[in-house]
Participant: 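Mind having a look at this structure? Questions to follow.
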2 protein chains.
Amino acid sequence: MNISAASQAAGLPVKTVRYYADIGLVQAPSRSDAGYRTYDDASVRKLVFIRRSREFGFSIDECRELLSLYQDQDRNSAEVKRIASRRLEEIEQKQRELQSLHDELAHLVKTCRGDDRPDCPIIDYLG
Amino acid sequence: MNISAASQAAGLPVKTVRYYADIGLVQAPSRSDAGYRTYDDASVRKLVFIRRSREFGFSIDECRELLSLYQDQDRNSAEVKRIASRRLEEIEQKQRELQSLHDELAHLVKTCRGDDRPDCPIIDYLG
DNA sequence: CTTGACCTTCCAGTTACTGGAAAGACTAGG
DNA sequence: CCTAGTCTTTCCAGTAACTGGAAGGTCAAG
């Protein structure tokens, strides 16, 4: 499988697949005589795993941890749960921040007439 | 006022204040004989305006827009409202994404025993 | 044999700063 | 006047995670 087939199968851009090999996230695949990267199903599965982990907002370094646990037949689930729980807390923190941001901004937008006059509570508040 | 006094007054790191002048977000301040940047109250007010806008998640380019409206005595509030409303929609979009992410991950964390056994629903789900 | 799609490497750019080095300026104490 | 310490300057590099593009090699079809 050449890189574009693998990237299609994994649901990632070609550039990203190459990038993941460059930074050693997935080990560099073998090469054809012409120097083309050739991927197998196992590599694609790892790429999919990474894509899904990234979609969950795990950083590349967290993906690295998760991936090694994914490949480790003797892993214990405590490790994985720890990483995921930490991520969950980050999400909850972000949600709280976003909520107060939302409420404040929504209030400002609501009280702004939005006409052609120069007085604007949003600007007043920011300044 | 030297840069550190201005940065204190504005609540921004010195580096950031310098950076904002470099990228032309605030016009470059005048210099002392020795080449030190000297800030006045008006500059500090603009820096505060930017800091607060950034805290609201406006990008640097949006801050640029808002700042020019802030300085424009003839601005109409419709423009400002438009920018803020767009930002509000982005926040709401992000909130929805974060919510579904949260629910999915919370479910996984909940169903993971987190013991020393190798089977782990989080890994199963990601892989 | 040529065309076009695909592949390679390498370099630069993105966002919004942040860290650090080297060197000049200013202030207070002795 | 000297020195120590703090402040300031510029410039270069790094962060995270890619993305875009150029220059050039490869492959399959017609």
Side-chain angles (χ1 to χ4, degrees), chain A residues 1-26 28-40 43-44 46-67 83 86-87 90-91 94 97 101, chain B residues 1-26 28-40 43-44 46-67 87 90-91 94 97 101:
Chain A
M1 212 187 317
N2 280 348
I3 195 166
S4 62
S7 88
Q8 281 245 319
L12 286 169
V14 170
K15 280 263 184 188
T16 303
V17 173
R18 225 178 261 127
Y19 173 73
Y20 286 162
D22 285 351
I23 62 171
L25 188 52
V26 297
S30 56
R31 302 294 185 106
S32 74
D33 290 353
Y36 287 18
R37 288 168 181 83
T38 49
Y39 287 84
D40 55 14
S43 311
V44 170
K46 282 178 211 167
L47 289 170
V48 169
F49 180 86
I50 294 166
R51 174 175 58 75
R52 293 187 52 73
S53 302
R54 291 286 300 132
E55 283 166 4
F56 265 94
F58 290 103
S59 71
I60 292 288
D61 274 353
E62 282 170 331
C63 286
R64 228 181 271 272
E65 285 186 86
L66 288 171
L67 197 57
I83 297 170
R86 197 176 51 210
R87 174 76 195 127
E90 285 165 15
I91 289 174
K94 194 77 192 163
E97 284 170 24
L101 214 59
Chain B
M1 212 188 316
N2 280 348
I3 196 166
S4 61
S7 89
Q8 280 244 320
L12 286 169
V14 169
K15 280 264 184 188
T16 303
V17 173
R18 226 178 261 127
Y19 173 72
Y20 286 161
D22 284 352
I23 63 172
L25 187 52
V26 298
S30 55
R31 301 295 184 107
S32 74
D33 289 353
Y36 286 17
R37 290 169 181 83
T38 49
Y39 288 84
D40 55 15
S43 312
V44 169
K46 281 178 211 166
L47 288 170
V48 169
F49 180 86
I50 295 167
R51 174 176 57 76
R52 293 188 53 75
S53 302
R54 291 285 301 130
E55 282 166 5
F56 266 95
F58 291 104
S59 71
I60 290 289
D61 273 353
E62 283 170 330
C63 287
R64 228 180 272 271
E65 284 186 86
L66 288 171
L67 197 57
R87 174 76 194 127
E90 286 166 15
I91 289 173
K94 193 75 191 167
E97 285 170 22
L101 212 59

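Lettering of chains follows the sequences in order, A, B, ..., and the numbering in each one begins at 1.
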Participant: Quick one: Lys15(B) NZ to dT15(D) C1', roughly how many Å, whole number?
Facilitator: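 Roughly 14 Å, once rounded to whole Å.
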Participant: Gln8(B) has an atom CD; how far is it from atom C1' of dC7(D), in whole Å?
Facilitator: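 It is 13 Å, rounded to the nearest whole Å.
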Participant: May I have the distance from Tyr19(B) (atom OH) to dG19(C) (atom C1'), rounded to whole angstrom?
Facilitator: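 In whole Å, dG19(C) C1' lies 15 Å from Tyr19(B) OH.
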Participant: Could you state the CG-P distance from Leu12(A) to dA17(D), rounded to the nearest angstrom?
Facilitator: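 For the pair Leu12(A) CG and dA17(D) P, the rounded distance is 14 Å.
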Participant: To the nearest Å, give me how far apart OH (Tyr36(A)) and P (dA5(C)) are.
Facilitator: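 Value for this atom pair: 14 Å.
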Participant: Can you tell me the distance, in whole Å, between the CZ atom of Arg64(A) and the P atom of dA16(D)?
Facilitator: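 Whole-Å distance recorded here is 11 Å.
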Participant: Start with the C-alpha gap between Ile83(A) and Arg87(A), add the side-chain angles, then the distance that decides, and say whether side-chain contact (heavy atoms from CB on, under 4.5 Å) holds.
Facilitator: CA-CA 6 Å; Ile83(A) 297 170; Arg87(A) 174 76 195 127; 5.7 Å; no
Participant: Considering just the side-chain nitrogens and oxygens of Arg31(B), establish if one lies under 4.0 Å of OP1 or OP2 belonging to dT8(D).
Facilitator: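 No.
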Participant: May I ask you to say what Ile23(A) touches in the nucleic acid, namely base, sugar-phosphate or nothing, with a heavy-atom cut-off under 4.0 Å?
Facilitator: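 The answer is nothing, as Ile23(A) stays clear of every strand by at least 4.0 Å.
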Participant: Please walk me through it: do Ser53(B) and Glu62(B) pass side-chain contact (heavy atoms from CB on, under 4.5 Å)?
Facilitator: CA-CA 9 Å; Ser53(B) 302; Glu62(B) 283 170 330; over 6 Å; no
Participant: Looking only at side-chain N and O atoms, does Ser59(A) come under 4.0 Å of OP1 or OP2 in dA16(D)?
Facilitator: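 No.
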Participant: Can a side-chain donor-acceptor contact be found between Ser32(A) and Thr38(A) if the only test is distance below 3.5 angstrom?
Facilitator: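 No - no donor-acceptor pair under 3.5 Å links their side chains.
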Participant: Would you mind reading off the distance between Tyr39(A) atom OH and dC6(C) atom C1', rounded to a whole angstrom?
Facilitator: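 It works out to 14 Å between those atoms.
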Participant: Does the side chain of Thr16(A) get closer than 4.0 angstrom to OP1 or OP2 of dA17(D) through an N or O atom?
Facilitator: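 So the side-chain polar atoms of Thr16(A) never come under 4.0 Å of the phosphate oxygens OP1 or OP2 of dA17(D).
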Participant: Using whole Å, report how far CD1 of Ile60(B) lies from P of dT18(C).
Facilitator: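 Rounded to the whole Å, the gap is 11 Å.
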Participant: Closer than 4.0 Å, any side-chain N/O of Arg18(A) to the OP1 or OP2 of dC7(C)?
Facilitator: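 Indeed not, no polar side-chain atom of Arg18(A) lies that close.
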Participant: Hey, is CD on Glu97(A) packed in by over 12 heavy atoms from elsewhere, all under 6.0 Å?
Facilitator: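 Yes, enclosed.
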Participant: Determine: side-chain N/O of Ser32(A) to OP1/OP2 of dT26(D), distance under 4.0 Å, yes or no.
Facilitator: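 For dT26(D), OP1/OP2 do not have a side-chain N/O of Ser32(A) under 4.0 Å.
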Participant: Determine whether Ile50(A) and Phe58(A) satisfy the following criterion, side-chain contact (heavy atoms from CB on, under 4.5 Å), listing intermediate values before the conclusion.
Facilitator: CA-CA 9 Å; Ile50(A) 294 166; Phe58(A) 290 103; over 6 Å; no
Participant: Is any side-chain N or O of Arg37(B) closer than 4.0 Å to OP1 or OP2 of dT9(D)?
Facilitator: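 Answer is yes, contact under 4.0 Å.
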Participant: Let me spell it out: for each of Tyr20(A) and Ala34(A), pick the nucleotide of DNA chain D with the closest heavy atom. Which residue's pick is nearer the 5' end?
Facilitator: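 Whichever sits nearer the 5' end wins; that is Tyr20(A).
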